[in-house]
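In listed order, ligands and their atoms are each counted from 1.
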Amino acid sequence: MENKKEMRKWLDDMNLGHPLVVAGPCSAETEEQVLKIAHELKDTDVSYYRAGIWKPRTRPGNFEGVGAIGLKWLQKVKEETGLKTATEVANRAHVDLALEHDIDLLWIGARSTVSPFIVQEIADALEGTDKIVLVKNPVNPDLSLWLGAVERLHSANIEKLGVIHRGFSTYEKTKYRNIPEWQLAIELQTRFPDLPIINDPSHITGKRDMVFDVSQTALDLNFDGLMIETHYDPDNAWSDAAQQVTPKTLVQIMKDLRIRKETDEEAEYMNNLTNLRAQIDVLDNQLIDLLGKRMKVSDGIGKLKKQKNVAVLQSNRWNAILGNMILEGEQRGLSEEFVLKMFKAIHQESINHQEKIINA
Ligand code: PEP
Ligand code: MN
């Protein structure tokens, strides 16, 4: 898939002057709910009104969406508010129904992007239409799988394309519902600068209090827009209650976000600087996280040594690590002096930890 400016023409043509905002409830619940939220979002920066009609739930027995009837409610939204509409499709039948009801933007969910069969089925069903299609990242952090899905749509002559970054599943418990792995999105942007990328802070955080910060990071990283789940009564939403914000909060978030404009040279410089700093912040957080993990493993070694009554300092092992790291560092442009200093500090912290364990 070569870089194609046409891919982002749909977005550029909107001439928004601010990031694209897609907002609305996680799920369409009732006609009244869908219309009430839409009316509250009517005179805001929101361009597309989202509502899940078919909900891919992790376990059976949860609310699985209202189905096709909800598409009629979305049509009413368009008639009454002028907002364009958006929903998730996961098979050919969904696509056919969404087209029948004139939904403007379709997205492929994270659980569908992992399946080339599903993506191909959706691409085939959409061939010959001129809908906007956004591909959410797959649940696992696999850039090729994500891009593969975009390629399938592109090969089906769908030109109005984009991706949605909604974070990745982990076994490990973290402060996020789905960890952002920002470097993956950064790599995607570097490889395909013309592919619009929208951030979904709702599914990344899983918590409404964190939505603002993740949105700001996304904008600092030059994302083109945001998809934010919005409900007039978030706590009583039928799905994803903890992460939805009220329309009022959404408007406040949009007001408080620092939005950079790429107008003159100075703005361009500030834009580049903010973008690079945001990348550094992401990497620094990863560094601290990794060092914390390393220390936990080191604690485990301390416990083993305590059981066997073995000395904390094992010089042979330490010299081998240092030798290796100096070589690895060299290949990455890091001086021997720096690598030595850094690993001495890490080693010292490890020894302190292990001493504490052994003497406990
Ligand atoms: C959604 O947008 O409501 C949704 C189900 O998202 P995801 O595919 O990112 O889990
Ligand atoms: Mn949701």
Side-chain angles (χ1 to χ4, degrees), residues 20-29 33-34 37 41 46 48-60 62-67 70-71 73-74 85-91 94-95 98 103-115 118-119 122 132-142 145-146 149-150 153 162-170 176-182 184-185 188 197-208 210-211 214-215 218 223 225-246 250:
L20 176 79
V21 187
V22 182
C26 176
S27 303
E29 298 166 2
Q33 172 247 16
V34 168
I37 301 169
L41 294 175
V46 174
Y48 287 90
Y49 184 76
R50 66 152 283 158
I53 298 293
W54 301 280
K55 300 305 297 178
R57 306 313 299 272
T58 303
R59 301 192 55 202
N62 291 325
F63 172 60
E64 294 190 329
V66 291
L71 296 168
W73 309 338
L74 284 177
T85 52
T87 202
E88 172 177 347
V89 288
N91 58 38
H94 295 168
V95 172
I103 303 295
D104 301 288
L105 180 157
L106 311 178
W107 80 83
I108 299 183
R111 292 162 195 77
S112 300
T113 308
V114 292
S115 166
I118 292 282
V119 174
I122 294 171
I132 300 167
V133 186
L134 305 182
V135 181
K136 284 203 173 195
N137 64 255
V139 285
N140 54 323
D142 184 337
L145 199 53
W146 195 2
V150 178
L153 294 161
V163 295
I164 302 174
H165 172 231
R166 53 76 81 192
F168 304 89
S169 295
T170 47
Y176 300 104
R177 178 177 177 196
N178 293 291
I179 54 167
E181 302 279 21
W182 293 104
L184 227 119
L188 184 138
I197 181 164
I198 315 293
N199 184 258
D200 173 347
S202 309
H203 289 91
I204 288 178
T205 62
K207 285 181 220 69
R208 65 181 71 92
M210 291 166 66
V211 164
V214 166
S215 302
F223 276 60
L226 299 166
M227 179 188 258
I228 300 183
E229 286 189 342
T230 312
H231 194 296
Y232 64 82
D233 184 9
D235 284 333
N236 290 307
W238 297 4
S239 57
D240 289 351
Q243 71 195 30
Q244 303 202 54
V245 298
T246 59
L250 178 79

### Atoms of ligand 1, numbered as shown, that sit under 4.0 Å from any heavy atom of Arg111
7 (P), 8 (O), 10 (O)

### Opening angle between OD2 in Asp240 and SG in Cys26, taken at the Mn ion (ligand 2), to 10 degrees
100°

### Task
Have a look at Lys136, Arg177, Arg57, Arg166 and point out the one with the heavy atom closest to atom 6 (O) of ligand 1.
Lys136

### Geometric N/O contact Glu229 with ligand 1, under 3.5 angstrom
yes

### Summary
shortest atom 8 (O) of ligand 1-to-protein heavy-atom contact is with Ala110 N, 2.9 Å

### Summary
Taking only non-hydrogen atoms of Glu88 and a 4.0 Å limit, the atoms of ligand 1 in range are 4 (C), 5 (C)

#### Entry: Atoms in ligand 1 with a heavy atom of Gly109 nearer than 4.0 Å
8 (O)

### Query
Would you say the side chains of His165 and Glu181 form a donor-acceptor pair under 3.5 Å?
no

### Message
Nearest 0.5 Å, please: how far is OG1 in Thr113 from CG in Asp142?
### Response
11.0 Å

#### Entry: Polar proximity ligand 1 side, Asp240 side, N/O cut 3.5 Å exclusive
no

### Message
Using side-chain heavy atoms (C-beta onward) and a distance below 4.5 Å, is Val139 in contact with Arg111?
### Response
yes

### Query
If you measure from CD1 on Ile37 to OG1 on Thr230, what distance do you get to the nearest 0.5 Å?
8.0 Å

### Geometry at the Mn ion (ligand 2) - Glu229 OE2 versus His203 NE2 angle, rounded to 10 degrees
90°

### Query
Rounded to the nearest 0.5 Å, how far apart are CG of Leu20 and CG of Asn199?
12.0 Å

### Task
Please report the shortest heavy-atom distance between Trp146 and Ile164, naming the atom on each side.
CZ2-O, 3.5 Å

### Enumerated ligand 1 atoms positioned under 4.0 Å from heavy atoms of His203
1 (C), 2 (O), 3 (O), 4 (C), 6 (O)

### Query
Would you say Cys26 touches ligand 1, if touching means a heavy atom closer than 4.0 Å?
yes

### Task
Report yes or no: do His231 and Asp240 form a side-chain donor-acceptor pair below 3.5 Å?
no

### Query
Under 4.0 Å between a Lys/Arg side-chain N and an Asp/Glu carboxylate O for Glu229 and Arg50?
yes

### Message
Please list, in number order, the atoms of ligand 1 under 4.0 Å from a heavy atom of Lys55.
### Response
1 (C), 3 (O), 5 (C)

